[in-house]
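Residue indices begin at 1 and follow the sequence shown. Note that this is a predicted model, so its numbers are computed, not measured.
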Amino acid sequence: MSIHATEIRIATFNVSMEAENYLPKGQRGNQQVLIERLANGKEPQIQAIARIIQLTRPDVIFLTEFDYIESPAQGVEAFLQNYLAVSQLGAAPIDYPYYFYAEVNTGQPSPFDLNRDGQSTGVGADAWGFGFYPGQYGMLLLSRYPILKDEVRTFRQFKWQDMPGHLTTVQADGSPWYEDAAWQQFPLSSKSHWDVPLTIDGKRLHVFASHPTPPVFDGPENRNGKRNHDEIRFWVDYISGEQGHYIYDDSGLAGGFDSQAPFVVLGDLNASTVEGDAIAAGIQSLLQHPRIQDPQPGSRGAAEHSPDNPFAAQHTAVWRMRADYVLPSKAGIQVLSSGVFWPAADEADYSLVKKRETSSDHRLVWVDMRLK
């Protein structure tokens, strides 16, 4: 909770609010599944998500796996009004007057056989980002502070081939994994990359938000691992001056982040330096970047969940890895405290995380900071 005008809490949370989370296993849906549940205000999983947000009370929160719903009245505003503005089991309602969301690449059909299984289905692994309908696993930013919408940069259409030194994906015989026509169109972002500037009591703060693909669900070619690496590397280059000269946004503006304003890199990055299947160099280069500080949030609940794991205290997902990050810039930001909402068995609200289906397989990660 904000104590002073320039003290803010920023969070990221993979909320698992996509159609398949609410349907029987193996059944496919579309945006309508979430639309209906947002409208009724009674979906237990969304009530649990809302309670977690009400308890932690971030000033700015980035939600991943929140299906893209074009109509704000049916999507984000229904969530704000029917869940967050309603007390969940006695927690105080919370209001976010400002929000940003935009289309993502997940579920956007391609005409190509991207996973080389002999079929071009246009969905699942043959979509530009894995998904069975456009907007599945979307992204949403909520804020108590004004968003400078005219200055937002999105990078959904940036082509992977346009990143100098990108990792290449090849077949067993060394030939390219992706056919040339597909590669020419292939976006780097599995969802999108956003640079969203906020104004906080006269101070500017940029939020760099993304949700790179999981580095799994592929084969020896490691196409998803390489995409994950380069999706993370995008931010490394973006904040590295001339190193990001090649980047262009969806409006055609070229160049990286050429400001000394404070920023926060956040999201479900699906990578760890010490666990999991990601190419560790990607997340390592971000965590060790000279412009970034890592508060290393942790929780008792995570440590208890994997008592024999030396890295457990910083886990942010039930499958035992640090996957979700809030990384403030060193310039202009003093970190005050940080944490992961993962109650231990003897703590209040353990029931919210006891079972995966109650809320999510990820945990909300927060950092309290002072803007200098």
Side-chain angles (χ1 to χ4, degrees), residues 1 9-23 25 34 37-38 41-67 79 82-84 86-94 137 139-140 142 211 214 266-272 274-276 295-326 337-368:
M1 187 181 296
R9 173 168 289 186
I10 297 186
T12 190
F13 192 11
N14 181 324
V15 292
S16 198
M17 288 170 60
E18 49 84 26
E20 291 182 43
N21 190 57
Y22 306 106
L23 299 174
K25 190 171 180 63
L34 183 58
R37 283 154 179 79
L38 291 175
K42 304 293 186 188
E43 172 60 44
Q45 185 260 354
I46 304 179
Q47 289 176 321
I49 294 293
R51 177 169 171 81
I52 291 169
I53 295 171
Q54 289 174 351
L55 291 171
T56 52
R57 309 196 73 76
D59 296 294
V60 179
I61 183 168
F62 178 52
L63 305 179
T64 55
E65 294 197 12
F66 187 110
D67 274 358
F79 178 56
N82 299 337
Y83 288 92
L84 293 182
V86 177
S87 171
Q88 305 295 343
L89 295 175
I94 192 164
Y137 314 112
M139 318 194 314
L140 170 64
L142 305 177
H211 182 193
L266 80 177
D268 173 2
L269 302 185
N270 272 314
S272 162
V274 291
E275 295 175 287
Q296 300 186 347
S299 69
R300 277 187 61 215
E304 182 182 86
H305 180 64
S306 306
D308 299 324
N309 187 319
F311 310 111
Q314 291 181 20
H315 286 174
T316 67
V318 297
W319 32 271
R320 297 179 167 84
M321 196 182 88
R322 184 186 186 191
D324 309 84
Y325 295 82
V326 179
S337 58
S338 66
V340 177
F341 183 85
W342 195 330
D346 63 349
E347 293 180 308
D349 289 294
Y350 172 67
S351 61
L352 292 171
V353 301
K354 184 178 180 180
K355 296 180 180 177
R356 183 259 182 265
E357 57 267 27
T358 304
S359 54
S360 174
D361 55 346
H362 289 250
R363 304 291 179 248
L364 183 150
V365 180
W366 57 268
V367 175
D368 289 343

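- With rounding to the nearest 0.5 angstrom, the CG atom of Asn309 is 11.0 Å from the CD atom of Gln314.
- With a 4.5 Å cut-off on side-chain heavy atoms, Pro343 and Val353 count as touching.
- Annotation: side chain of Ile46 is in contact with side chain of Leu34 (closest heavy-atom distance under 4.5 Å).
- Atom CG of Asp349 sits about 8.0 Å away from atom CG of Leu89, to the nearest 0.5 Å.
- Looking at Ile53 and Phe79, their side chains come closer than 4.5 Å, going by heavy atoms from C-beta outward.
- The line from CD of Gln47 to CG of Asn82 is 10.5 Å long, rounded to the nearest 0.5 Å.
- For the pair His211 and Asn270, the minimum side-chain heavy-atom distance is below 4.5 Å.
- Of all heavy-atom pairs between Trp342 and Ser299, the closest is CB-OG, 3.3 Å.
- In terms of modelled atom types and a separation under 3.5 Å, the side chain of Asp59 and the main chain of Arg9 share a donor-acceptor contact.
- In this structure a side-chain-to-backbone donor-acceptor pair under 3.5 Å is present from Tyr325 to Ala271.
- Put simply, the side chain of Glu275 never gets that close to the backbone of Ala312: no donor and acceptor are under 3.5 Å apart.
- Between the side chain of Asp361 and the main chain of Val318, no donor-acceptor pair closer than 3.5 Å is present.
- Using a 4.5 Å heavy-atom threshold, the side chains of Phe66 and Leu38 count as touching.
- Ser360 and Ile49 get closest at one heavy-atom pair: CB-CD1, 4.3 Å.
- Remark: Asn21 engages Ser16, Glu18, Gln45, Arg356 in a side chain to side chain contact (heavy atoms under 4.5 Å, CB included) (not counting sequence neighbours).
- Taking the six-membered ring where tryptophan is involved, the planes of Trp319 and His362 are perpendicular, since the angle between them exceeds 60° and thus also 30°.
- A donor-acceptor distance shorter than 3.5 angstrom exists from the side chain of Ser359 to the backbone of Leu352, with no hydrogens or angles considered.
- Looking at Ile61 and Leu364, their side chains come closer than 4.5 Å, going by heavy atoms from C-beta outward.
- His315 is listed as a side-chain neighbour of Ser306, based on a closest heavy-atom distance under 4.5 Å.
- The backbone N or O of Tyr83 sits less than 3.5 Å from a side-chain atom of Gln88, completing a donor-acceptor pair.
- Listed for the Asp368 side chain is no donor-acceptor partner under 3.5 Å among the backbone atoms of Ser338.
- What you find for Ser337 and Trp366 is that their closest heavy atoms are OG-CZ3, 3.6 Å.
- The shortest non-hydrogen separation linking Leu266 to Ala11 is CD1-O, 3.5 Å.
- Going from atom CG of Leu55 over to atom CD1 of Ile94 covers 10.0 Å, rounded to the nearest 0.5 Å.
- Between the Arg37 side chain and the Met17 main chain, no donor and acceptor come within less than 3.5 Å of each other.
- Nearest heavy atoms, Arg363 versus Val340: CB-CG1, 3.5 Å.
- For the pair Pro58/Ile10, no side-chain contact is recorded, criterion being any heavy-atom separation below 4.5 Å from C-beta on.
- Checked against the 6.0 Å centroid threshold, Phe13 and Phe341 do not count as a close aromatic pair.
- A donor-acceptor pair under 3.5 Å is absent between the side-chain atoms of Arg322 and the main chain of Phe311, judged by distance alone.
- Atoms OG1 and CG, on Thr12 and Leu269 in that order, are 8.0 Å from each other to the nearest 0.5 Å.
- Nearest heavy-atom pair, Ala91 versus Ser87, reported as atom, atom and distance to 0.1 Å: O-OG, 2.7 Å.
- Listed by first and then second residue, the salt bridge (charged side-chain N to carboxylate O under 4.0 Å, His left out) pairs that reach into residues 296-321 are Arg300-Asp346, Arg300-Glu347, sequence neighbours excluded.
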